[in-house]
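Computation of the quantities below employed the complete heavy-atom set of this structure, encompassing side-chain atoms and omitting hydrogens, waters and symmetry-equivalent molecules. The sequence lines fix the lettering, A, B, ..., with proteins before strands; numbering per chain opens at 1.
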Amino acid sequence: MDNLNSQYDPKITEEKIYAFWTKKGFFDPDKIKPRPKKNFSIVLPPPNITGSLHMGHALNSVIQDILVRYYRMNGYHTVWLPGTDHGGISAESVVGKKLHKEGINKFELGREKFLEKVWEWREEYGNKILAQLKKIGASCDWSRTAFTMDPGYIKAIDKAFIHFHEKGWVYRAERVVNWCPRCKTSLSDLELEHSEEKSSLWHIKYPLLGDEKKFVVVATTRPETMLGDSAVAVNPKDIRYKDLVGKNLVLPIANRVIPIVADSLVDLEFGTGAVKVTPAHDLTDAEIGRRHNLPVIKVINENARMADDVAVAYRGLKAAEARQMIVEELTAAGLIEKIEPYVHQVPKCYRCNSTIELIPSKQWFVKMEDLSKTAIKAVRSNKVRFHPKRWEKVFFDWQRNTRDWCVSRQLWWGERLPVWFCQKEPDNYVVSAREPKKCPFCKKCAMERSTDVFDTWFSSALWPFASFGWPKAAKDLDNFFPTSVLSTARDIINLWVARMIFCSLELTGKIPFSDVIIHATVLTKDGRRMSKSLGTGIDPLLLIDKYGADGMRFGLAWQITESQDLHFNEDNMLAGKKFCNKLWNASRFALMQLQGAKAREYSADTEPAAAAKDTRLILKKLKKIEKSVSKKIESYAFGAAAKELYEFFWHDFCDIYIEKAKVAIRDAKSPKEADNLRASLIYVLANSLKLLHPFIPFITEEIYSIIPVKNKKPLIVENWPKI
RNA sequence: GGGCGUUUAGCUCAGUGGCAGAGCGUUCCGUUCACAUCGGAAAGGCCAUAGGUUCAAAUCCUAUAACGCCCACCA
């Protein structure tokens with residue numbers, strides 16, 4: 001009789017079922033006949049090739065898979081496109097470190113050879129996360145897997161840049177940028193992390209020119225940058241300094257004469273109200289410098305050491321060393337008024353954690369004014385909706401006063417800017433996807449392509465359409481773009497989501513997706529961020545090993561709420577596993593009730609004509625949750641949907657109905673009555689399996705394949721209950 | 001400095017105007033059985049604090065506190 005073993009083994013079943021789905025091609029919408037009319041598409045936020053799976057990915061994959069399976073069962077032409085990101089700076093840094101361990105220096109190796117090594121890395125580890133996602137049960141269409149350095153994709157990158165250039169939004173300028181002295185590249189503001197550091201606030205006396213017994217005292221956290229000061233600024237409203245504005249000071253040590261200027265950017269309350277202006281190494285100072293036409297004196301170089309422009313004694317010193325010498329020298333000269341302890345936020349590179357230097361550097365920028373407006377408009381008009389809605393605010397706040405986007409990086413790994421320089425007159429350039437045949441400037445030289453590459457986020461900003469083939473006209477683009485939903489983490493709302501919105505609108509004229517789900521961050525039980533480097537990370541594969549993919553999925557799914565954080569607790573996975581066990585055994589029981597009856601198939605589409613009160617009740621409840629689970633999935637309330645299903649199946653169905661049916665079948669007065677009860681059991685079970693499938697796809701598929709249901713298809717492509 | 005979030009049972013969390021809930025843990029009872037990964041029962045909560053609105057507040061409003069996160073050109 002018993003077609004189901006008394007023990008369910010997720011390891012064996014999950015592997016078998018995933019292979020079955022793959023072999024049948026159910027993930028590929030083109031293989032599903034007849035072709036459904038409505039489309040539903042999701043692009044997987046492409047993990048970068050140095051990453052490996054963590055609980056955040058697991059959570060996000062579960063969310064996306066629930067949606068994709070739900071819409072697939074609802075008859076949508078459904079695709080979930082997977083892929084990876086080349087991960088510019090992080091890949092370069094990881095491969096660099098690996099080579100370093102092998103005793104190979106990246107710069108000695110040279111660009112070409114280094115890139116070969118990165119490609120090797122990608123071959124070996126680049127699809128690691130994608131392979132891991134299969135274990136979770138992600139129903140991605142692997143035949144459409146994309147990569148942000150695919151030959152077609154890089155055409156999209158060039159095309160986008162050229163488009164922005166033609167719009168007049170691209171410019172090249174020497175600006176103060178965030179510079180990582182270890183990665184040797186510029187970084188955008190969004191690529192910084194801040195950490196609090198204890199430091200000092202040095203109050204330094206700058207003598208007044210002509211009357212050197214008088215001083216203006218400035219407060220600074222970085223005395224070494226005084227070598228690059230080109231003014232002292234005060235607030236125009238500050239009566240303390242009213243008479244001094246326009247007069248000059250003698251900059252100690254450097255012995256230069258610098259003016260006192262008035263600028264409203266200066267805060268009256270902070271320090272002494274007088275600020276040293278170093279246009280080369282501070283953004284506010286750069287702004288003040290522009291307004292007052294002050295010279296930019298670069299005193300710190302790309303290696304975070306003192307530059308060649310400073311006095312010989314300091315040249316080549318680390319900033320900290322120079323600071324110490326300068327403070328000593330000032331102290332000896334009696335020019336330090338006081339030193340206060342001070343705590344401030346120091347910017348760090350988000351990849352290598354080095355302290356960022358602000359230095360002037362020639363970079364490429366995209367003007368953000370119009371693009372930001374476009375993005376804001378799309379969200380304000382509800383064409384793009386955030387879930388939960390409060391994340392709109394994070395988006396708006398940034399977009400309202402964003403600075404121009406520095407898109408160039410001094411890395412090797414990535415698409416090089418489609419910019420060609422004249423070798424004779426290196427300030428002249430042409431923007432073109434192809435190498436110009438003839439230099440339009442000197443008419444002679446072979447033009448040289450820029451050695452800068454694009455910011456990784458410039459390429460990932462094109463993901464929802466470039467992954468479907470843009471800029472080429474492609475069938476997939478027509479079918480699946482704009483996509484339906486994007487599910488991602490909150491920390492990349494501006495880094496990534498916003499940029500996809502404006503790039504998409506500008507380049508394709510369409511929104512990239514209509515709904516953005518910002519999911520919770522997975523924290524440890526005691527509220528720390530899960531991270532491998534902190535040793536707080538938990539590998540989802542370990543949990544799959546313990547609880548099965550279904551158990552882990554259910555455990556995650558029913559914790560999904562709109563609240564901000566998700567304190568990870570393994571008990572939930574245990575609950576998930578137990579639920580699967582319950583499902584398994586209830587199904588075994590249902591099959592046992594068919595014993596002794598004539599073998600036949602039962603309908604999962606038509607409600608049995610129910611006489612008994614208990615049956616009517618369970619059917620009514622089933623109808624109710626079919627509606628509410630659908631509604632909850634469509635509104636992304638996955639946790640509530642999972643809980644409702646749990647409650648229904650375990651309590652209404654198992655604890656109550658099954659117990660009553662057990663007796664009723666045994667005591668049935670006629671074969672017809674018994675058959676009706678059996679039909680009801682199978683009907684409720686089959687429809688429960690459908691409702692549960694998006695959450696726990698493996699075990700539901702396995703059970704569904706065994707129970708005697710009329711006209712059934714594999715559950716993954718079965719029809720969702722009609723509501 | 002600005003913003004956001006959280007605060008409910010021992011633990012992890014649901015619950016947005018109508019008798020305080022779940023999972024795990026704890027205690028007691030139960031293995032003539034679908035499932036001990038189970039069933040039945042029980043204990044356990046001034047819903048952070050203080051005011052307010054309301055017939056009625058965990059839920060709405062105001063303030064406060066603790067914790068967490070994000071943003072920021074106070075050098």
Categorize [X] for me: base, sugar-phosphate, or nothing, with a 4.0 angstrom heavy-atom threshold over every strand shown.
| X | value |
| --- | --- |
| A:Phe554 | nothing |
| A:Val275 | base |
| A:Ala219 | base |
| A:Cys580 | nothing |
| A:Ile658 | base |

First of A:Leu192 and A:Glu647 reached from the 5' end of RNA chain B, by closest nucleotide:
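Its nearest nucleotide being more 5', the pick is A:Glu647.
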On RNA chain B, check which nucleotide each of A:Phe568 and A:Leu574 is closest to and give me the residue with the more 5' one.
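Residue closer to the 5' terminus by nearest nucleotide: A:Phe568.
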Looking only at the side chain of A:Asp571 (C-beta and beyond, no hydrogens), which of the listed nucleotides B:rC73, B:rU12, B:rC24 gets closest?
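Taking heavy atoms from C-beta onward, the closest nucleotide is B:rC24.
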What's the closest nucleotide to the A:Trp398 side chain, out of B:rG3, B:rA72, B:rA34?
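Nearest to the side chain of A:Trp398 among the choices is B:rA72.
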Residues forming a ring pair (Phe, Tyr, Trp, His ring centres under 6.0 Å) with A:Phe698, sequence neighbours excluded:
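Checked A:Phe698 against ring pair (Phe, Tyr, Trp, His ring centres under 6.0 Å); matches are A:Trp21.
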Between A:Arg291 and A:Glu287 (salt bridge meaning N to carboxylate O under 4.0 Å), is one present in this structure?
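Answer for the salt bridge query: yes.
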Looking at the base of B:rA34, is there any donor atom on it, or on the side chain of A:Glu659, that sits under 3.5 Å from an acceptor on the other one?
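Yes.
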What string of B, S and - do you get for nucleotides 37-42 of chain B, 5' to 3', when a contact is any protein heavy atom under 4.0 Å?
BSS---
Test side chain to side chain donor-acceptor pair (under 3.5 Å) applied to A:Asp229 and A:Arg256, A:Lys276, A:His281, the passing residue
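It is A:Lys276, the one option of A:Arg256, A:Lys276, A:His281 that forms the side chain to side chain donor-acceptor pair (under 3.5 Å) with A:Asp229.
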Between the protein and nucleotides 27-31 of chain B, are there any N/O to N/O pairs under 3.5 Å, and if so, what are the atom names and distances?
none

Taking the P atom in each of B:rG52 and B:rA42, what is the distance between them to the nearest angstrom?
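Nearest-Å result for B:rG52 against B:rA42 at atom P: 38 Å.
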Taking B:rC47 as the reference, what is the distance to B:rC19 when you measure between their C1' atoms (whole Å, please)?
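It works out to 15 Å between them.
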A:Trp391-A:Phe386 aromatic ring centre distance below 6.0 Å
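No; A:Phe386 has its ring centre 6.0 Å or more from that of A:Trp391.
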